[in-house]
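Every chain is numbered from 1, with letters handed out A, B, ... down the list of sequences.
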Amino acid sequence: MRYLPHTPQDIDRMLKTVGIGSIDELFETIPKNLQRTTPLEIPPAKSEEEVEREFARLTGLNRAGEFLSFLGGGQYPHRAPRVVDHLLRRSEFYTAYTPYQPEVSQGTLQAIFEYQTLMCLLLEMDVTNASMYDGATACAEAALMSLRVLRKKNKVLIARSVHPEFRQVTKTYMVDQPECLVEVGYGPDGRLDRNDLKAKLDGDCACLIVGHPNYFGTLEDLPALAEIVHEAGALLVSTFTEPLAFGLIPGPGRAGADIVCGEGQSFLGDPNFGGPSLGIFSATEKNVRQMPGRLCGEATDADGRKGYVLTLSTREQHIRRDKATSNICTNQGLMALAATIFLSTLGKQGVHRLARTNLSKAAYLKKKLAALDGFSLAFDAPTFNEFVIRCDKVTPAEVLERLLKKNVVAGLALENDYPELDRHLLVCATEMHAKEDLDRLADELAAL
Amino acid sequence: MRYLPHTPQDIDRMLKTVGIGSIDELFETIPKNLQRTTPLEIPPAKSEEEVEREFARLTGLNRAGEFLSFLGGGQYPHRAPRVVDHLLRRSEFYTAYTPYQPEVSQGTLQAIFEYQTLMCLLLEMDVTNASMYDGATACAEAALMSLRVLRKKNKVLIARSVHPEFRQVTKTYMVDQPECLVEVGYGPDGRLDRNDLKAKLDGDCACLIVGHPNYFGTLEDLPALAEIVHEAGALLVSTFTEPLAFGLIPGPGRAGADIVCGEGQSFLGDPNFGGPSLGIFSATEKNVRQMPGRLCGEATDADGRKGYVLTLSTREQHIRRDKATSNICTNQGLMALAATIFLSTLGKQGVHRLARTNLSKAAYLKKKLAALDGFSLAFDAPTFNEFVIRCDKVTPAEVLERLLKKNVVAGLALENDYPELDRHLLVCATEMHAKEDLDRLADELAAL
Amino acid sequence: MTTHTRTPGTTGLMMEEPTVFEIGSPGRTGYSFSALDVPEADPVEELGADAVREEVSHFPEVSEVDVMRHFLRLSQWNYCIDTGFYPLGSCTMKYNPKINEDMARLPEFTRTHPKLPDELVQGNLQLMHCLESILAEISGMDAVTLQPAAGAHGELTGLMLIRAYHVHKGQPRKKILVPDSAHGTNPASAALCGFKTVEIKSGPDGIVLPETIAEAMDEDVAGVMMTNPNTLGLFETHIKEIADIVHEKGGLMYCDGANLNAVLGVVRPGDMGFDVLHFNLHKTFSTPHGGGGPGAGPVGVKSVLEPFLPSPVIVSDEGKLRFDTDRPLSIGKVKGFWGNFGVLVRAYSYLMEMGRDHLRSIAESAVLNANYLRKSLDGEFHLPYPGTCMHEVVFSDKTQRTQYGVNNLDISKRLIDLGFHPPTMSFPLIVPGALMIEPTDTESLETLDRFVSAMKQVAEECRETPETLHEAPVRPVRRRFDEATAARRPKLRWTPSEEEV
Amino acid sequence: MTTHTRTPGTTGLMMEEPTVFEIGSPGRTGYSFSALDVPEADPVEELGADAVREEVSHFPEVSEVDVMRHFLRLSQWNYCIDTGFYPLGSCTMKYNPKINEDMARLPEFTRTHPKLPDELVQGNLQLMHCLESILAEISGMDAVTLQPAAGAHGELTGLMLIRAYHVHKGQPRKKILVPDSAHGTNPASAALCGFKTVEIKSGPDGIVLPETIAEAMDEDVAGVMMTNPNTLGLFETHIKEIADIVHEKGGLMYCDGANLNAVLGVVRPGDMGFDVLHFNLHKTFSTPHGGGGPGAGPVGVKSVLEPFLPSPVIVSDEGKLRFDTDRPLSIGKVKGFWGNFGVLVRAYSYLMEMGRDHLRSIAESAVLNANYLRKSLDGEFHLPYPGTCMHEVVFSDKTQRTQYGVNNLDISKRLIDLGFHPPTMSFPLIVPGALMIEPTDTESLETLDRFVSAMKQVAEECRETPETLHEAPVRPVRRRFDEATAARRPKLRWTPSEEEV
Ligand SMILES: Cc1ncc(COP(=O)(O)O)c(C=O)c1O
Ligand SMILES: Cc1ncc(COP(=O)(O)O)c(C=O)c1O
């Protein structure tokens with residue numbers, strides 16, 4: 001076995017040193033009656049070539065490559081420049097552990113420091129941690145953090161227009177008090193319903209969680225929400241699934257958001273069937289000690305040289321155990337690195353231009369679809385690179401099914417997550433869609 | 001342009017330093033009437049994404065992937081373990097130049113040293129150079145080296161059973177004396193015709209070049225040939241296209257070959273449409289100073305530490321200019337590295353087992369095909385992983401054409417290179433062919 | 001922009017490198033755009049003037065060349081498995097096979113959107129489904145969820161299942177028993193799940209005694225969370241007895257599977273009495289740690305817990321696989337979408353190559369290696385629990401600390417100078433000055449021998465020249481950091497210097 | 001097997017590493033075999049007892065882990081473009097775009113056997129055909145062969161064409177004129193092609209004067225081989241006049257295109273009067289040097305030479321491309337199969353991305369960079385030819401050598417300590433103590449400024465502490481080697497130590 005180095009002679013020598021006669025003696029502390037006597041019933045060992053064949057079989061079962069897709073809804077079609085993967089393939093990055101030993105981990109640490117900075121700049125926030133598992137768990141941790149920051153409060157308001165998976169996971173995480181998670185509706189423009197907010201926002205509320213852009217692709221009026229929420233003594237948590245929007249729109253920090261978190265897959269490129277992705281988590285300086293997750297900070301070494309270390313770890317499980325701000329240990333380090341490389345490559349000009357390209361593509365498609373007979377726009381507030389259309393004549397299920405036959409995945413039906421939106425499709429367009437792709441969707445819908 | 005770093009401000013600053021007002025002034029030494037005034041007529045610039053699309057278009061025109069192929073004849077289907085490419089992708093290897101500065105090139109140099117050693121061990125020779133362009137040019141250089149070693153002689157004998165491209169390139173290289181390249185025929189067993197050899201081997205012959213295994217896949221009786229050739233005061237040059245054979249058969253050095261050279265593609269894996277491949281070139285210690293190409297040797301540094309340098313460079317063009325042993329400068333360094341990694345991975349056991357696997361696959365196929373009605377073996381001397389069959393009923397052209405319709409490339413018709421073998425097909429089987437592939441060829445041929 | 005002010009080369013091969021914000025030139029970019037083929041939208045018109053920002057200030061402005069060099073130089077400051085021995089205890093830093101990386105990059109996988117219709121992603125579903133079965137068989141569990149993203153996430157998920165189980169039975173319970181040798185995530189996960197952690201003392205031999213559990217066990221204990229082999233590298237010999245005690249009282253048994261490498265093919269947690277466990281695919285199943293993730297922490301359960309598994313689960317309908325969300329008792333989702341799929345692909349690739357033939361050899365090699373180190377270093381360093389160990393061995397700095405004033409941190413830092421990654425020091429807490437060494441299955445005898453020599457050299461230096469150890473490391477790009485100051489005045493992001501603002 | 005005897009870590013991050021023959025353990029392997037599915041052949045039976053060897057003695061016995069670490073550690077001892085500035089004159093060490101690497105690895109390319117029927121490899125043929133046209137357009141030539149594997153190979157091919165041309169005309173010629181500034185491969189290629197090289201003196205300004213050519217030109221001169229811009233980095237201003245003189249006497253003009261980077265889109269060799277040239281795709285067109293190849297050295301010709309091109313050529317028959325071998329006047333093949341295809345793919349990828357829009361910018365950037373260095377270092381180092389240069393600038397060590405006893409080798413070695421790759425020193429021979437600096441188009445102003453500082457520091461050190469330079473380098477993994485002894489007693493392969501034999 002090419003990964004297991006010991007030859008029979010090696011084993012003999014080692015057994016002699018250990019002072020035993022056989023490998024089995026090593027397992028003597030395991031009660032005999034628990035030990036297996038037969039091999040496990042799993043497939044037999046394969047050679048490298050056979051492994052490749054098995055994967056050729058599996059990938060052959062996937063047919064997505066033949067389809068033109070307009071799926072967004074939390075994961076967006078973007079492509080990372082090739083240089084990203086070339087760098088991720090550096091053994092020094094991907095085969096290292098969490099940088100516990102800073103003297104031999106300066107590469108990882110400086111990259112995290114750069115990642116933290118990039119996110120702070122993009123989101124206009126003070127502090128960003130080294131990453132969370134994904135946007136949904138980041139959102140859940142934001143709810144919990146809000147409850148820690150405002151320890152006397154016990155309620156979390158969450159907009160119904162926040163990504164359904166964010167809401168579900170947050171609910172799961174609020175294991176102790178699921179009833180304390182209260183939904184706030186949306187208005188006819190697709191934005192948060194302020195009346196509903198005002199009705200629910202009381203002195204027990206630790207925070208309001210909104211999406212910006214929200215699940216319908218719509219931008220919220222963040223400054224207004226911040227004012228309302230802060231007035232009530234609560235925190236504003238602004239989540240996102242499409243951070244590329246912040247290449248064009250102000251970071252939520254500018255409006256006064258206290259926690260900004262969400263999904264960073266757009267900065268990784270391929271969606272990878274939903275993971276590994278990147279949980280981005282930013283907060284204000286003042287609440288840094290209540291943040292979950294690892295933080296990298298600047299430090300000085302014994303020779304007076306600048307460098308980086310993991311810091312403020314008294315918040316963390318390995319020190320604080322059951323008093324830690326979170327249980328997270330392994331995070332999504334390599335994905336944070338990927339985002340750092342991607343964003344560095346894009347740079348100041350690129351991030352703006354790419355965001356604007358997305359806006360242009362989606363605006364073009366939106367206009368085309370809105371003009372179609374039998375389809376209309378569901379909401380009228382501004383959107384970034386996705387939007388909701390209403391299927392006035394044919395049901396969304398039928399639209400999807402009939403277009404699937406034409407090798408088009410037209411979008412995401414909202415009914416599952418929003419029973420009230422039973423005629424609605426979420427449609428996304430990015431820089432990956434050529435004009436002819438957009439025209440094709442419009443034509444196929446027109447032809448229904 | 002993402003690879004061109006200068007911003008307009010950078011350019012201004014630089015022009016100022018240079019003391020000129022515009023870029024165009026930089027080209028003032030070029031006569032105006034020679035300068036182009038219009039852009040070149042080549043395709044417009046593409047983005048990375050568009051480049052990918054262009055390549056998708058091109059690879060889409062290749063249909064080889066759908067075919068089962070039995071082509072050998074100088075390039076063999078093998079696959080390199082994945083670890084090889086992972087290491088070749090290390091920037092430190094592939095974006096370095098020839099190791100002129102040993103202090104910052106020890107990686108490349110030690111790898112060359114290891115490559116030279118591996119080849120010496122495999123071929124049982126004293127010295128191997130850092131690589132030649134490919135097998136064919138290595139063969140040509142061997143002819144020229146023989147003429148340098150035996151300066152009074154002017155004739156080169158070459159077996160007709162040596163790879164046709166080796167022979168053609170050798171002829172091209174013997175630009176001054178094409179008539180001095182004399183062919184020696186083969187006998188009914190597929191080996192060199194010793195009578196023809198004896199007839200042509202005179203005092204003017206600097207060397208005899210044979211293939212072992214030769215182009216028909218046949219093993220020569222090297223010890224006997226060495227005796228005959230040495231007796232006549234000439235050198236024996238043993239070429240090869242399938243060095244994997246030497247995992248199982250003795251290195252030509254054991255039989256007394258003076259120069260051993262050939263094609264190393266089998267140690268790279270994929271044939272890559274014939275290049276870049278690897279020219280392997282080995283000689284005896286005594287003739288080292290007549291060798292072409294670079295050599296890496298052990299050396300001691302100022303602190304007394306062992307290391308490696310390019311050495312014996314007084315043979316080379318950058319020192320000797322028109323008196324150099326060859327004009328070669330850039331060679332196939334990265335391919336030599338790939339072979340070094342591949343062979344290290346295979347190791348002593350692996351190279352033997354892989355060679356034996358090839359022998360077994362080819363022997364199985366040979367037996368099956370020989371038993372078919374309408375087909376027979378052309379030669380009866382032992383073969384390694386390819387052999388020649390005679391199509392007794394249907395012409396090779398028709399065999400190939402009809403099997404092509406079944407998505408099978410049955411082999412290589414020999415008539416082009418050997419008009420006398422107008423009913424003959426060269427067929428190859430390696431570890432890449434599953435038993436069912438071999439059976440399929442036999443079945444398809446039987447069904448003709 | 002500032003430039004490289006420090007020595008530009010430290011060895012002529014490794015460079016000092018400023019942050020990405022301090023290199024480049026205004027207006028430079030490393031990205032290539034296709035021409036826009038639709039009318040360019042006016043952001044102000046589309047979004048409103050307030051909703052458009054000028055620019056992302058201070059974002060990098062670099063070429064692809066700058067990017068490549070910057071991150072390549074950073075990479076060269078890292079130690080990694082592919083550089084050398086990485087005996088970081090509890091982390092199972094084994095070799096990450098290269099084919100796994102390639103398989104995980106197959107575009108038919110990476111380009112799949114998680115919300116594609118099931119029929120278009122049968123390959124993904126089949127891979128996940130097979131992986132679930134294999135993990136179930138290896139662990140002796142009945143069902144597996146692949147959703148959790150890491151070990152701690154798996155713990156949280158598993159504890160939620162336990163919680164839901166008791167709630168569903170109408171008897172919510174409040175406490176989780178956790179041995180004092182446990183990893184920090186165990187109590188942290190329990191707390192996050194709303195449980196009160198009760199710490200259990202390990203016995204004199206480093207393992208938990210049934211009587212200790214029996215004493216602590218009551219009707220308010222939801223479960224016991226144990227690591228087996230435990231973090232001292234010892235097998236919990238009484239595990240079955242303990243499980244019986246716990247089950248008797250209606251509690252459930254949770255297994256932190258971080259140390260599964262030690263027992264692959266030898267004994268299954270499911271057969272020891274555990275009801276739920278998490279796997280660390282990034283430990284046992286060779287997926288890379290990525291400098292801090294991504295990992296994957298699947299959770300396996302006995303059938304009693306199956307109804308509570310996170311939604312959705314993969315089910316087979318006449319040969320077609322699909323995600324089933326109709327799971328009324330499910331704890332809900334613990335992560336967006338389906339899990340760290342790319343990590344699952346790597347683990348599947350590893351399992352395909354290992355297969356039933358080699359699985360037990362992994363454990364054998366890992367345990368043999370640990371015991372070889374144990375025996376070879378016994379006498380040089382204090383062994384608090386001297387018996388046969390499993391996949392790791394925990395020494396302590398007791399001799400060196402008390403006799404020469406040298407502690408485990410000093411020893412670790414000196415190992416860096418000698419070309420090795422240090423062992424784990426932060427736990428187990430019951431061994432003061434711990435040096436927790438896990439050699440893993442992929443390390444050769446030659447490597448172990450070199451490590452033994454280095455450790456012996458360090459032991460010798462403790463006796464002869466202890467100051468060498470206080471000063472270590474002296475060789476890498478940076479020496480020891482002043483971490484106290486860094487934490488007191490945290491600087492958690494780059495900020496532009498005065499003149500740039 | 002011996003083990004690592006030297007210090008195992010030099011910086012805690014880079015390791016000492018023995019040869020692959022000195023690591024591992026007998027019986028170990030790094031390769032995984034599928035089970036044999038046909039009867040195992042008996043080698044002795046198949047081949048005869050004499051034709052079977054026992055084993056390949058002393059071949060490595062290592063695991064995949066050993067292999068990965070071994071070569072990774074070796075790689076860390078190399079300086080490369082991706083590490084930093086590599087101003088090796090005449091070698092055009094520009095950035096190697098990453099997408100090119102990926103495109104060259106597409107399996108539809110790499111898996112194609114060169115002898116497949118043309119109809120199955122239309123993609124390959126089309127790529128080659130398009131590349132030929134683009135190169136022809138860029139150089140102003142009528143036809144291109146992609147067969148040669150490197151620059152020197154292209155030279156040989158080009159000279160063979162010239163030779164064949166004269167032979168075909170019934171007037172074989174014997175001499176080739178080559179300026180004294182030429183690269184060593186030029187005279188070497190001429191000799192290999194059976195020509196006598198006549199060296200031409202460069203004029204006082206570093207360029208060849210028409211009168212010098214006129215003097216040397218006679219009816220036995222087959223051609224003149226020139227590099228333009230030449231190896232001093234100067235444009236041969238009189239090139240057209242020279243070409244006219246040569247053509248007048250029935251000779252042909254050969255262009256060594258190694259320096260084409262300087263004039264892309266600005267001026268074409270075909271328009272200067274050249275009849276044949278070679279390209280270095282591994283210089284001008286960004287394909288990586290691979291630590292010494294593979295390269296590709298396509299040759300472009302005017303139509304008079306087209307009939308002599310190496311066989312086969314690609315032709316189009318009703319939209320279908322095929323290899324045409326019916327070339328009666330061809331010089332024959334110069335290489336097996338069709339050329340270094342994988343290198344051609346990379347160059348094609350580069351050309352697609354650059355396109356007509358950016359081609360000229362490459363030259364502009366390269367020339368601007370060289371002149372910026374020229375001006376910035378003028379005064380610090382002697383400039384034998386002080387005028388405007390093209391893509392490279394050649395300084396000399398004259399000042400330092402005569403005044404401080406420090407030569408170009410010392411200066412180069414000191415640059416290594418400062419984190420830079422040294423310039424070219426081995427030529428041009430007409431500049432004693434040359435420092436030939438080619439910054440290329442992909443280097444930024446910041447990098448150039450850092451290099452300028454380093455060069456100034458070195459100049460200062462020459463004045464103040466010349467011994468620093470004699471001792472340099474002191475920082476990398478090895479210091480200066482005793483190359484004389486190495487050449488006197490060459491050890492060109494590893495050999496087992498006594499006890500192992
Ligand atoms: C024993 C043990 N349990 C749990 C964990 C947490 O795993 P993860 O880092 O994947 O969250 C670790 C990680 O080091 C561990 O060693
Ligand atoms: C001017 C010049 N001509 C020719 C060559 C030879 O090219 P190659 O190394 O590709 O054979 C070189 C290479 O350095 C060169 O600089």
Name the region of Tyr3(B), side chain, backbone, both or neither, that has any atom closer than 4.5 Å to a heavy atom of chain D.
both
Less than 6.0 angstrom separating the ring centers of His289(D) and Tyr97(B), yes or no?
yes
With sequence neighbours excluded, what pairs up with Glu263(B) under the salt bridge (charged side-chain N to carboxylate O under 4.0 Å, His left out) test?
none
Chain B: which of Gly151(D), Pro422(D), Ala191(D) shares the most heavy-atom pairs with it under 4.5 Å?
Pro422(D)
Heavy-atom pairs under 4.5 Å with chain B, option from Pro117(D), Pro43(D), Pro39(D), Ser426(D) with the top count:
Pro43(D)
Applying a strict 4.5 Å limit to non-hydrogen atoms, the region of Ile239(D) in contact with chain B is side chain
So that I can tick it off, tell me whether Glu103(B) and Lys413(D) are bridged by a salt bridge, with the cut-off set at under 4.0 angstrom between side-chain N and carboxylate O.
yes
Between Arg493(D) and Asp126(B) (salt bridge meaning N to carboxylate O under 4.0 Å), is one present in this structure?
no
To the nearest 0.5 Å, what is the distance between CG (Leu120(D)) and NE2 (His113(D))?
12.5 Å
Can you tell which part of Lys171(B) gets under 4.5 Å to a heavy atom of chain D, answering side chain, backbone, both or neither?
neither
What part of Phe109(D) is in contact with chain B, defined as an atom under 4.5 angstrom from a non-hydrogen atom: side chain, backbone, both or neither?
both
Between the main-chain N or O of Gly333(B) and the side-chain N or O of Asn331(B), is there a donor-acceptor pair closer than 3.5 Å?
yes
Would you say Asp322(B)'s side chain and Ala190(D)'s backbone share a donor-acceptor pair under 3.5 angstrom?
no
Which bit of Val175(B) is near chain D, if near means a heavy-atom gap under 4.5 Å: side chain, backbone, both or neither?
both
Given the options Gly30(D), Ser444(D), Gly290(D), Ser361(D), which has more heavy-atom pairs under 4.5 Å with chain B than any of the others?
Gly290(D)
I'd like to know if Asp301(B) pairs up with Arg480(D) as an ion pair, taking the criterion as any Lys NZ or Arg NE/NH1/NH2 lying under 4.0 Å from an Asp or Glu carboxylate oxygen.
no
Please state whether the side chain, the backbone, both or neither of Thr137(B) comes within less than 4.5 Å of a heavy atom of chain D.
side chain
Applying a strict 4.5 Å limit to non-hydrogen atoms, the region of Asp134(B) in contact with chain D is side chain
Relative to chain B, which segment of Asn369(D) carries a heavy atom at a distance below 4.5 Å: side chain, backbone, both, or neither?
both
At a heavy-atom separation under 4.5 Å, does Leu404(B) approach chain D through its side chain, its backbone, both, or neither?
side chain
In terms of heavy-atom proximity below 4.5 Å to chain D, should Arg90(B) be classed as side chain, backbone, both, or neither?
side chain
Given the options Lys435(B), Met335(B), Arg321(B), which has more heavy-atom pairs under 4.5 Å with chain D than any of the others?
Arg321(B)
Against chain B, label Leu116(D) side chain, backbone, both or neither, depending on which of its atoms sit under 4.5 Å from a heavy atom there.
both
At a 4.5 Å cut-off on heavy atoms, which part of Leu87(B) comes close to chain D: side chain, backbone, both, or neither?
side chain
Side chain, backbone, both or neither: which part of Glu155(D) has a heavy atom under 4.5 Å from chain B?
neither
Which bit of His183(D) comes within less than 4.5 Å of chain B, counting heavy atoms only: side chain, backbone, both or neither?
both
Against chain D, label Glu54(B) side chain, backbone, both or neither, depending on which of its atoms sit under 4.5 Å from a heavy atom there.
side chain
Honestly, the part of Leu219(B) sitting under 4.5 Å from a heavy atom of chain D is side chain
Among Val267(D), Ile81(D), Leu445(D), Asp357(D), the residue with the most heavy-atom pairs under 4.5 Å to chain B is Leu445(D)
By a 4.5 Å heavy-atom criterion (distance strictly below it), what part of Val18(B) contacts chain D: side chain, backbone, both, or neither?
both
Side chain, backbone, both or neither: which part of Met160(D) has a non-hydrogen atom closer than 4.5 Å to chain B?
side chain
Taking Asp176(B) for the side chain and Gly194(D) for the main chain, is one N or O donor matched with an acceptor at less than 3.5 Å?
no
In terms of side-chain heavy atoms, does Ser131(B) have a donor or acceptor partner in Gln332(B) at a distance below 3.5 Å?
no
Stepwise ring-ring contact (aromatic ring centres under 6.0 Å, His included) check, Phe427(D) with His318(B)
CA-CA 8 Å; Phe427(D) 84 110; His318(B) 61 285; 9.5 Å; no
Glu55(D) side chain to His352(B) backbone, donor-acceptor under 3.5 Å:
no
Geometric class of the His421(D)/Tyr86(D) ring pair [parallel <30°, tilted 30-60°, perpendicular >60°]
parallel
Top contributor to chain D contacts, counting heavy-atom pairs under 4.5 Å, from Leu295(B), Val169(B), Thr311(B)
Val169(B)
Cationic tip of Arg254(B) within the cone over Phe246(B)'s six-membered ring, i.e. under 6.0 Å and within 45° of the normal?
no
Looking at Met1(B), Lys323(B), Arg63(B), which makes the most heavy-atom pairs under 4.5 Å with chain D?
Met1(B)
With chain B as the partner, which of Phe33(D), Phe235(D), Tyr31(D) has the greatest number of non-hydrogen pairs under 4.5 Å?
Phe33(D)
Relative to chain D, which segment of Leu26(B) carries a heavy atom at a distance below 4.5 Å: side chain, backbone, both, or neither?
both
Minimum heavy-atom distance Pro5(B)-Asp10(B), with the two atoms named:
O-OD2, 3.8 Å
Which atoms of Glu46(D) approach chain B - backbone, side chain, both or neither, heavy atom under 4.5 Å:
both
Can you name the side chain to side chain donor-acceptor pair (under 3.5 Å) partners of Thr29(D), sequence neighbours left out?
none
Most chain B-contacting option - heavy-atom pairs closer than 4.5 Å, from Arg163(D), Arg360(D), Met390(D)
Arg163(D)
With a 4.5 angstrom heavy-atom cut-off, could you sort out which part of Thr314(B) is near chain D: side chain, backbone, both or neither?
neither
Salt bridge or not between Arg356(B) and Glu40(D)? Use side-chain N to carboxylate O under 4.0 Å.
yes
Any chance you could measure Thr95(B), atom OG1, to Met93(D), atom CE, to the nearest 0.5 Å?
6.5 Å
With a 3.5 Å distance limit and no angle check, can you tell me whether Ser360(B) reaches the backbone of Ala41(D) through a side-chain donor-acceptor pair?
yes
If you tally heavy-atom pairs under 4.5 Å against chain D, which of Ala136(B), Ser344(B), Gly297(B) wins?
Ser344(B)
Is Leu106(D) close to chain B through its backbone or its side chain, or both, or neither, when contacts mean heavy atoms under 4.5 Å?
side chain
Quick one: what part of Leu400(B) sits under 4.5 Å from any heavy atom of chain D, side chain, backbone, both or neither?
neither
In terms of heavy-atom proximity below 4.5 Å to chain B, should Leu88(D) be classed as side chain, backbone, both, or neither?
side chain
Answer with side chain, backbone, both or neither: which region of Ser32(D) has an atom nearer than 4.5 Å to a non-hydrogen atom of chain B?
neither
Options Leu438(B), Val351(B), Ile319(B), ranked by heavy-atom pairs under 4.5 Å with chain D, top entry:
Val351(B)
Ionic contact status for Glu61(D) with Lys348(B), cut-off 4.0 Å
yes
Interface residue of largest heavy-atom contact number with chain D, from Glu25(B), Glu28(B), Arg57(B), under 4.5 Å
Arg57(B)
